[in-house]
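Note that the numbering runs from 1 along the sequence shown for the chain.
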Amino acid sequence: MRVGIVREIGLGERRVAATPDTTKRLIKLGFEVQVEAGAGELASFQDADYESAGASIAPTATEVWDTSDLVLKVRPPDALPEGGHEADHLREGATLISFIWPSKNPELVARLSGRKVTVLAMDQIPRITRAQKMDALSSMANIAGYRAVIEAASFFGRFFTGQMTAAGKVPPAKVMVIGAGVAGLAAIGAARSLGAIVRAFDTRPGVKEQIESMGAEFLELQFEEEGAGEGGYAKEMSPAFIAAEMALFAEQARDVDIIITTALIPGRPAPVLITPEMVESMKKGSVIVDLAAENGGNCALTQPERVITHRGITIIGYVDLPSRLAPTASQLYGSNLCHMIADMGGAKAWHIDREDEVIRGALIMENGEVCWPPPRIEKKEVEPAKRPSVKPVAKRDSHAVALKESRPKQRGHGHGADTGRPSSLWPMVAAAVVIAAASQFAPPEFVAHLTVFVLACFVGWQVVWNVTPALHTPLMSVTNAVSGIILVGGMLNVAGPLGSPATLLGALALLLSAINVAGGFLVTQRMLKMFAKSPEEERGGQNG
């Protein structure tokens, strides 16, 4: 089965659907790979690199389209400069995997259907846990968020971090990120790493902890309205909420230096969140980066694909931010494709499984039969009796509770079935047999000590087994720190005759226990520091 990689013809597109590294992975999956000459040049991948990886080089795109069973692309098929259309070169029965955007491109879907081909859209991958490795939208959004900060820094006239110099003090830049999805969180991380004071807003209250964990301030509205929509996106909010939201943005616009907007609802024009009045209220030299420019923009003055200056404020409307990091974007996108192709069986067991939620969600058509949008999957209601009961806990423990609820339960035996751990009957029986056997031959003191030892092991194992894995490290560090009783036993044995086995074992126990206790305190202290703000952050929060 032959995979074809063609050069992208979109204006300014630098990405390529396969890198030399992902080419090797495709070959391991059993495919023969052919690449159009020059397909990876704009992403810094030469033809020789692909040949070294095991691919063949085709002189023209037509040859790749005509002879490939599976064609991989980044952008949807488009009109050719010399006339005609890329879709018309797909041979009947072939498969195409790329971004398609079927709701925006109905004419393209109709054209592909006429070719009687199978099409899977990377933009339609369901945003579920199992599909994260194939989620090309998240991969590209991550790059776009990072690149947005780099573009803002290139136009901003100051440092991001505060500086104390002999010539004077330079205050840190203040950045506001609107939308804390994948792109927004990437922007927060990049801006914080550059030393800026970062504030972020999102209609979904569930992202507050993520924002604050990255060192940013969460701008919160006191509204009892849930902003989380399907697929992890934000939903459209009520007029009252929007009015309060706009008032917040107007207030922040007068104070911050850089605004990065990422708000977008799939299938709809981007909501306008930054009005001309807000732009004009910003300080001269400020920068706005609009990641929703392709769908109209979150800023009313954004011009897609252009950088403009309005009364001293720079507004960046680039629509190709992932392409501006072409080598990395190509590698991540190629990896998403490899994961998807591997899930479809590779070359030896290639198939379209309509029962697979991920494949069915991405399937636009099969052999020319349009089957998009996919049927809505009905979520089964959980019976009340089977719902796990969780005691009320403090807010800071909510993550641990969620982790505990999500742990897969294991099927036990007898009365211990479905308790979350294997039945403890057999270890108890084995321990009883060992103690009974020892009591027949060993001194009574030995039997007493053995009984305590076995019970201690059993109880300790049961205690640790029931602890959420996320809490194992803090639990063990504290346990090690307070296990100094072993030190006392070691000291008592060391006081015995020099060179005796008891003295040597006591000295060894003393050494290992000291290491254990010291290590426990160090690990505990390090974990506590992870949740403490540095003096710089404290000062930054006060200045913000």
Side-chain angles (χ1 to χ4, degrees), residues 1-78 80-82 84-100 115 117-120 122 133-134 136 139-140 143 320 322-350:
M1 191 171 179
R2 178 175 291 181
V3 172
I5 311 297
V6 295
R7 185 186 187 118
E8 299 296 324
I9 64 172
L11 184 63
E13 181 58 69
R14 302 173 180 84
R15 293 171 293 179
V16 63
T19 67
D21 179 65
T22 62
T23 295
K24 293 177 183 178
R25 293 165 64 179
L26 290 171
I27 292 173
K28 286 183 179 179
L29 290 172
F31 293 98
E32 176 187 343
V33 180
Q34 64 173 348
V35 181
E36 180 188 351
E41 284 182 354
L42 296 179
S44 303
F45 303 119
Q46 306 303 317
D47 291 345
D49 300 328
Y50 288 102
E51 289 181 309
S52 298
S56 59
I57 304 299
T60 65
T62 302
E63 183 175 333
V64 177
W65 287 105
D66 291 345
T67 61
S68 297
D69 303 297
L70 170 62
V71 177
L72 304 181
K73 280 184 91 295
V74 180
R75 286 182 175 268
D78 205 349
L80 294 165
E82 64 273 13
H85 200 283
E86 286 184 306
D88 296 337
H89 290 279
L90 266 173
R91 66 179 184 80
E92 185 175 329
T95 300
L96 169 68
I97 304 179
S98 73
F99 284 107
I100 298 294
R115 300 295 300 173
V117 296
T118 298
V119 178
L120 293 104
M122 295 302 289
K133 61 186 178 181
M134 314 171 209
S139 297
M140 298 302 104
I143 296 173
D320 61 346
S323 184
R324 290 171 180 263
L325 257 67
T328 301
S330 300
Q331 179 62 38
L332 293 181
Y333 181 70
S335 295
N336 294 142
L337 288 172
C338 286
H339 286 303
M340 185 175 188
I341 292 170
D343 272 21
M344 296 176 71
K348 296 180 180 178
W350 179 262

Go through the steps to decide whether L80 and H89 satisfy the test side chain to side chain contact (heavy atoms under 4.5 Å, CB included), and finish with yes or no. CA-CA 11 Å; L80 294 165; H89 290 279; 3.6 Å; yes
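- Residues satisfying the salt bridge (charged side-chain N to carboxylate O under 4.0 Å, His left out) test with D69, not counting sequence neighbours, are R91.
- If you take CE on M122 and CG on N336, they are separated by 5.0 Å, rounding to the nearest 0.5 Å.
- Considering every non-hydrogen atom in both I100 and L120, the closest pair reads CG1-O, 4.4 Å.
- Minimum interatomic distance between S98 and P76 (heavy atoms only, all atoms of both residues): OG-CA, 4.2 Å.
- Between K73 atom NZ and I9 atom CD1 the span is 6.5 Å, to the nearest 0.5 Å.
- In terms of heavy-atom proximity, H85 sits nearest to P77 at CE1-O, 3.4 Å.
- Distance CG/D343 to NZ/K133: 4.0 Å, rounded to 0.5 Å.
- Counting only heavy atoms from C-beta outward, the side chains of R25 and D21 approach each other to under 4.5 Å.
- Q331 is listed as a side-chain neighbour of S335, based on a closest heavy-atom distance under 4.5 Å.
- Side-chain contact between R15 and Y333 is absent, with no heavy-atom pair separated by less than 4.5 Å.
- Of all non-hydrogen atoms in D47 and I57, the two that sit nearest each other are O-CD1, 3.8 Å.
- Contact record, I5 with V3: CD1-CG1, 4.0 Å, taken as the closest heavy-atom pair.
- For D320, the side-chain contact (heavy atoms from CB on, under 4.5 Å) partners at least two apart in sequence or on another chain are R14, Y318, S323, R324.
- Side-chain atoms of L96 and V117, non-hydrogen and from C-beta on, never get closer than 4.5 Å to each other.
- Under the rule for a salt bridge (charged side-chain N to carboxylate O under 4.0 Å, His left out), the partners of R75 that lie at least two apart in sequence or sit in another chain are E13.
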Enumerate, atom names and distances included, each donor-acceptor pair closer than 3.5 Å involving a side-chain atom of residues 26-38, sequence neighbours excluded.
unit_1, atom_1, unit_2, atom_2, d
E32, OE2, R2, NE, 3.2
E32, OE2, R2, NH2, 2.7
Q34, NE2, T67, OG1, 2.6
Q34, NE2, S68, OG, 3.0
E36, OE1, R7, N, 2.7

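- Not a single ring pair (Phe, Tyr, Trp, His ring centres under 6.0 Å) links F45 to another residue, sequence neighbours left out.
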Indicate every side-chain donor-acceptor pair of residues 48-55 with a distance under 3.5 Å to a residue at least two apart or in another chain.
unit_1, atom_1, unit_2, atom_2, d
D49, OD2, Q46, N, 2.9
Y50, OH, A18, O, 2.6
S52, OG, A48, O, 2.9

Could you go step by step and tell me if I341 and L70 meet the side chain to side chain contact (heavy atoms under 4.5 Å, CB included) rule? CA-CA 10 Å; I341 292 170; L70 170 62; 3.9 Å; yes
For W65 and D88: C-alpha separation, side-chain torsions, deciding distance, then whether side chain to side chain contact (heavy atoms under 4.5 Å, CB included) applies. CA-CA 9 Å; W65 287 105; D88 296 337; over 6 Å; no
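- Within the model, atoms OG1 of T22 and CG of L72 stand 8.5 Å from one another, a figure rounded to the nearest 0.5 Å.
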Side chain to side chain contact (heavy atoms under 4.5 Å, CB included) between I143 and M140: does it pass, once the steps are laid out? CA-CA 5 Å; I143 296 173; M140 298 302 104; 4.2 Å; yes
